[in-house]
Amino acid sequence: MSSYFSIQTRLAYRSRNGSKRLKSFVFAILFIGVSIQLNGNASAQGILVPNGESRESPFVVKSVQVSAAIQDGVAQTTVRQTFVNHANSDQEGTYLFPLPEGATVTSFTLTAGDRALEGRMLTRDDARGTYESIVRRRKDPALLEYMGHGLFKASVFPIPAHGERLLILKYAEVLKTEGNMHKFVYPLSTGRYSTAPVSLTTISISIHSKSAIKTVYSMTHEVSIRRRGEMEATASYESHNQFPDRDFSMYYGTTDDEIGLNVITQPTGSDGGYFMVIASPRVSIPKERIMAKQIVFVLDRTGSMQENNKMEQAKGALRFCLNSLNANDRFDVITFNESPDLLSNELLPPTTENVAKAQRFVKNVDASGGTNIDAALKSAMGVLEKAEGRQKMVVFLTDGLPTVGETNVDTILNHVKQQNGPNEVASSQFTRVQPKTGARIFCFGVGYDVNVPFLDRLAEQNRAEADYVRPNESVEGIVSNFYGKIASPALVNIDVQY
């Protein structure tokens, strides 16, 4: 499975003339066993430019569906774009698709009309001339960003008034690599070419490799990741009624080593930049290599949890987590409303008897009363203060709406920070990042009226993540993915030296 943490720090160093200088970095270490992300050549969203001198385009992008199959660094990409003509008369246009360097179009089809649609690939010089011509004619300087790309160009026969056309383009490319990292990029900045948001945007990627896939990481979009053993992975993204404004970018790394280690750099000028280190253990970790964790589950049983089936959702999530404990873990359960109730005042081994006792404790909980989040988190910290070991965790299931006791979320966050120990970066002479020792607090929000900003900050400030489930949404898949991030720690007490 996986565990996760990130560190933000500033690194000072001395220049050759002896003066002290300061560079800003974001340094992140990700231990990823179930999540995915990628790296590669730049491609671009297809553009339908109206013929004639008018600067007002009648064409709107209705949907964009991208699927890519990557086999050992070679990507076969299929793009399906639906354009709508919003004019009151038939319109002709020119379809442009800026191609990655070295990419080859394998097929192009128009799904409506009785005439064959033909296209041709232009050389870089011809492509530059086409871009410049359109920029001069339509005063659209955004096209200049594609200078240096190849170009596929096709004339689109009249699209009926208020009609639509589906264009399907397929192309192949060899992804660029940096070390053992591969990059796949698909720009989605169609907003500048459409007068309405795109109804549907989907990207689906499958990865197959002869070497084990360790790192899959996207810095630009929230993607759903699935692993199918060591050699296969899939990633998907979907949005509705949005103006896509960022390029879709994913990295994936392969290695046969026990721990995959990758470095990605991003210079921001002559005197600074960012880098990210990604360390990824195996997808399947031997049981003897999984580190023991001390974990406290905190369940909100207040009156607000009665609404929209939230209480049953939270109970279901907690039952799943209890049944997924490893043999060498230690656990406790706290339920709370105006005050906390503890299953035990100490951490218990997950024996059959103890897990059954915890399940009964959870089953008998009713939702009533006010929400004293401050007292509940203090109780959880108190249990962990007496625990041995360094893998201390809290899983907090709530709607995140404090109503009793301390209700100011900033004050609650400060109380947690004071009690939870050193969760700040410790450094010596700006050259060393020391391990943090406080408990990670993972938040699981249920319902529509969740205090998302509070739960996000609580998780982020305590080196963890937050996830959410909507009313009447299936809990099983969301909880299994959520708990999978913390179930089997593989690395601990990382000590990084620059």
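Nothing here was measured: the structure is a model prediction, and the numbers come from that model.
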Participant: Could you please spell out the steps behind the side-chain hydrogen bond (donor to acceptor under 3.5 Å, both in side chains) verdict for Asn420 and Gln461?
Facilitator: CA-CA 11 Å; Asn420 196 23; Gln461 292 179 11; over 6 Å; no
Participant: Below 4.5 Å, heavy atoms only, C-beta onward: do Lys293 and Asn326 meet side chain to side chain?
Facilitator: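 Result yes, sub-4.5 Å side-chain heavy-atom pair found.
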Participant: Check Val198 against Val64 and note the closest heavy-atom contact, atom names and distance.
Facilitator: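 Heavy atoms of Val198 and Val64 come nearest at CG1-N, 4.2 Å.
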Participant: Side chains of Phe442 and Asn462, heavy atoms from C-beta outward: is any pair under 4.5 Å?
Facilitator: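 Phe442 does not reach Asn462 side chain to side chain.
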Participant: Would Asp399 and Asn451 count as a side-chain hydrogen bond (donor to acceptor under 3.5 Å, both in side chains) here? Give the steps.
Facilitator: CA-CA 6 Å; Asp399 58 9; Asn451 191 335; over 6 Å; no
Participant: Return the set of residues passing side chain to side chain contact (heavy atoms under 4.5 Å, CB included) with His162 (not counting sequence neighbours), or none when no residue passes.
Facilitator: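 Only Asn88 meet the side chain to side chain contact (heavy atoms under 4.5 Å, CB included) criterion with His162.
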Participant: Compare every heavy atom of Pro350 with every heavy atom of Phe331, then report the nearest pair and how far apart it is.
Facilitator: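 In this case the closest contact between Phe331 and Pro350 is CE2-CA, 3.8 Å.
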Participant: One thing to verify: whether Glu164 and Lys62 come together as a salt bridge, which I'm taking to mean a side-chain N less than 4.0 angstrom from a carboxylate O.
Facilitator: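 A salt bridge is present here (some side-chain N lies under 4.0 Å from a carboxylate O).
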Participant: If you take all heavy atoms of Ile213 and Met231, which pair is closest and at what distance?
Facilitator: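 Closest heavy-atom pair between Ile213 and Met231: CD1-O, 3.4 Å.
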Participant: Evaluate the criterion side-chain contact (heavy atoms from CB on, under 4.5 Å) for residue pair Phe59 and Val84; output intermediate values, then yes/no.
Facilitator: CA-CA 6 Å; Phe59 302 125; Val84 178; over 6 Å; no
Participant: With a 4.5 Å limit on heavy-atom distance, are the side chains of Phe83 and Leu167 in contact?
Facilitator: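 Result yes, sub-4.5 Å side-chain heavy-atom pair found.
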Participant: At what distance, to the nearest 0.5 angstrom, does CG of Asp467 lie from SG of Cys443?
Facilitator: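 So the CG of Asp467 and the SG of Cys443 are separated by 10.5 Å.
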Participant: Does Lys170 use its side chain to pair, donor to acceptor, with the backbone of Thr78 at less than 3.5 Å?
Facilitator: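 Between the backbone of Thr78 and the side chain of Lys170 there is no qualifying donor-acceptor contact (under 3.5 Å).
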Participant: Can you measure from CG (Leu458) to CD1 (Ile441) and round to the nearest 0.5 angstrom?
Facilitator: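 Answer for the CG-CD1 pair, Leu458 versus Ile441, is 5.0 Å.
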Participant: Please determine, by modelled atom types, if Gln76 and Tyr171 share a side-chain donor-acceptor pair under 3.5 angstrom.
Facilitator: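 Distance-only check fails for Gln76 and Tyr171.
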Participant: Before giving the answer on side-chain contact (heavy atoms from CB on, under 4.5 Å), spell out for Ile207 and Glu232 the whole-Å C-alpha distance, their side-chain angles and the decisive distance to 0.1 Å.
Facilitator: CA-CA 6 Å; Ile207 310 169; Glu232 297 183 28; over 6 Å; no
Participant: Within a strict 4.5 Å, meaning less than it, do heavy atoms of the Phe444 and Thr398 side chains meet?
Facilitator: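 No. Closest side-chain heavy atoms not under 4.5 Å.
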Participant: Work out which heavy atom in Thr202 is nearest to a heavy atom in Glu238; give both atom names and the distance.
Facilitator: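 Between these two residues, the closest heavy atoms are CG2-CG, 3.9 Å.
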Participant: Parallel under 30°, tilted from 30 to 60°, perpendicular over 60°: which one fits the rings of Tyr186 and Phe97?
Facilitator: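 It falls in the tilted class, 30° to 60°.
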Participant: Within the 3.5 Å criterion, strictly below it, is a donor on Gln242 or His240 matched to an acceptor on the partner's side chain?
Facilitator: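 Judged by distance alone, the side chains do not pair up.
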Participant: Check whether Thr220 reaches the backbone of Ser249 with its side chain - one donor and one acceptor, N or O, closer than 3.5 Å.
Facilitator: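 Confirmed, Thr220 side chain pairs with Ser249 backbone.
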Participant: Would you give the length of the straight line joining atom CD of Gln71 to atom OG of Ser209, rounded to the nearest 0.5 angstrom?
Facilitator: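 Answer rounded to 0.5 Å: 8.0 Å.
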Participant: Do the two ring centres, one from Phe108 and one from Phe152, sit under 6.0 Å apart?
Facilitator: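 Under 6.0 Å, so yes.
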Participant: Say you draw a straight line from CD1 of Ile168 to OG1 of Thr109; how long is it, rounded to the nearest 0.5 Å?
Facilitator: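 That separation rounds to 4.0 Å.
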Participant: Drop me the distance from Ser206's OG to Arg226's CZ, to the nearest 0.5 angstrom.
Facilitator: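 Between Ser206 OG and Arg226 CZ, I get 15.0 Å after rounding to 0.5 Å.
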Participant: How far apart are the closest heavy atoms of Gly445 and Leu455, and which atoms are they?
Facilitator: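 It is CA-CD1, 4.0 Å.
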Participant: Within the structure provided, determine whether Thr254 and Tyr252 are in side-chain contact (heavy-atom separation under 4.5 Å).
Facilitator: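 Counting from C-beta outward, Thr254 and Tyr252 do come under 4.5 Å.
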Participant: For the residue pair His221 and Tyr237, categorise the inter-ring angle as parallel (less than 30°), tilted (30 to 60°) or perpendicular (more than 60°).
Facilitator: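 Perpendicular.
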Participant: Are the side chain of Asp329 and the backbone of Leu325 linked by a donor-acceptor contact shorter than 3.5 Å?
Facilitator: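 Checking the backbone N and O of Leu325 against the side chain of Asp329, no donor-acceptor pair under 3.5 Å is found.
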Participant: Hey, mind stepping through Leu322 and Val333 against side-chain contact (heavy atoms from CB on, under 4.5 Å) and telling me if it holds?
Facilitator: CA-CA 9 Å; Leu322 290 170; Val333 178; 4.1 Å; yes
Participant: Locate the shortest heavy-atom distance separating Pro160 from Asn85; write the atom from each residue and the value.
Facilitator: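 In terms of heavy atoms, the two residues are closest at O-ND2, 3.1 Å.
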Participant: Would Val74 and Leu175 count as a side-chain contact (heavy atoms from CB on, under 4.5 Å) if you check the C-alpha gap in whole Å, the side-chain angles of each, and the deciding distance to 0.1 Å?
Facilitator: CA-CA 6 Å; Val74 178; Leu175 301 182; over 6 Å; no
Participant: Is it true that atom CZ of Arg80 has more than 12 heavy atoms of other residues, nucleotides or ligands lying nearer than 6.0 Å?
Facilitator: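 No, CZ of Arg80 has 12 or fewer neighbouring heavy atoms, counting only those of other groups under 6.0 Å.
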Participant: How long is the gap from CG on Asn241 to CG on Leu200, to the nearest 0.5 Å?
Facilitator: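 Those atoms lie 9.0 Å apart.
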Participant: Hey, does the side chain of Arg440 reach the backbone of Ala459 with a donor-acceptor pair shorter than 3.5 angstrom?
Facilitator: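 Not at all, since once roles are kept as given, no pair shorter than 3.5 Å links the two residues.
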Participant: Does a side-chain heavy-atom distance below 4.5 Å link His182 with Ile70?
Facilitator: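 His182 vs Ile70: side chains apart.
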Participant: For Thr351, what residues pass the side chain to side chain donor-acceptor pair (under 3.5 Å) criterion, not counting sequence neighbours?
Facilitator: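 Here the qualifying residues are Asn354.
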Participant: Under 4.5 Å between any side-chain heavy atoms of Ser199 and Ser63, yes or no?
Facilitator: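 Answer no - side chains too far apart.
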Participant: So, the side chain of Asp72 versus the backbone of Lys210: is there a donor-acceptor pair under 3.5 Å, distance only?
Facilitator: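 It does hold such a pair.
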Participant: Are the side chains of Ile295 and Val394 in touch, meaning some heavy atoms are under 4.5 Å apart?
Facilitator: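 Heavy-atom side-chain distance check fails, nothing below 4.5 Å.
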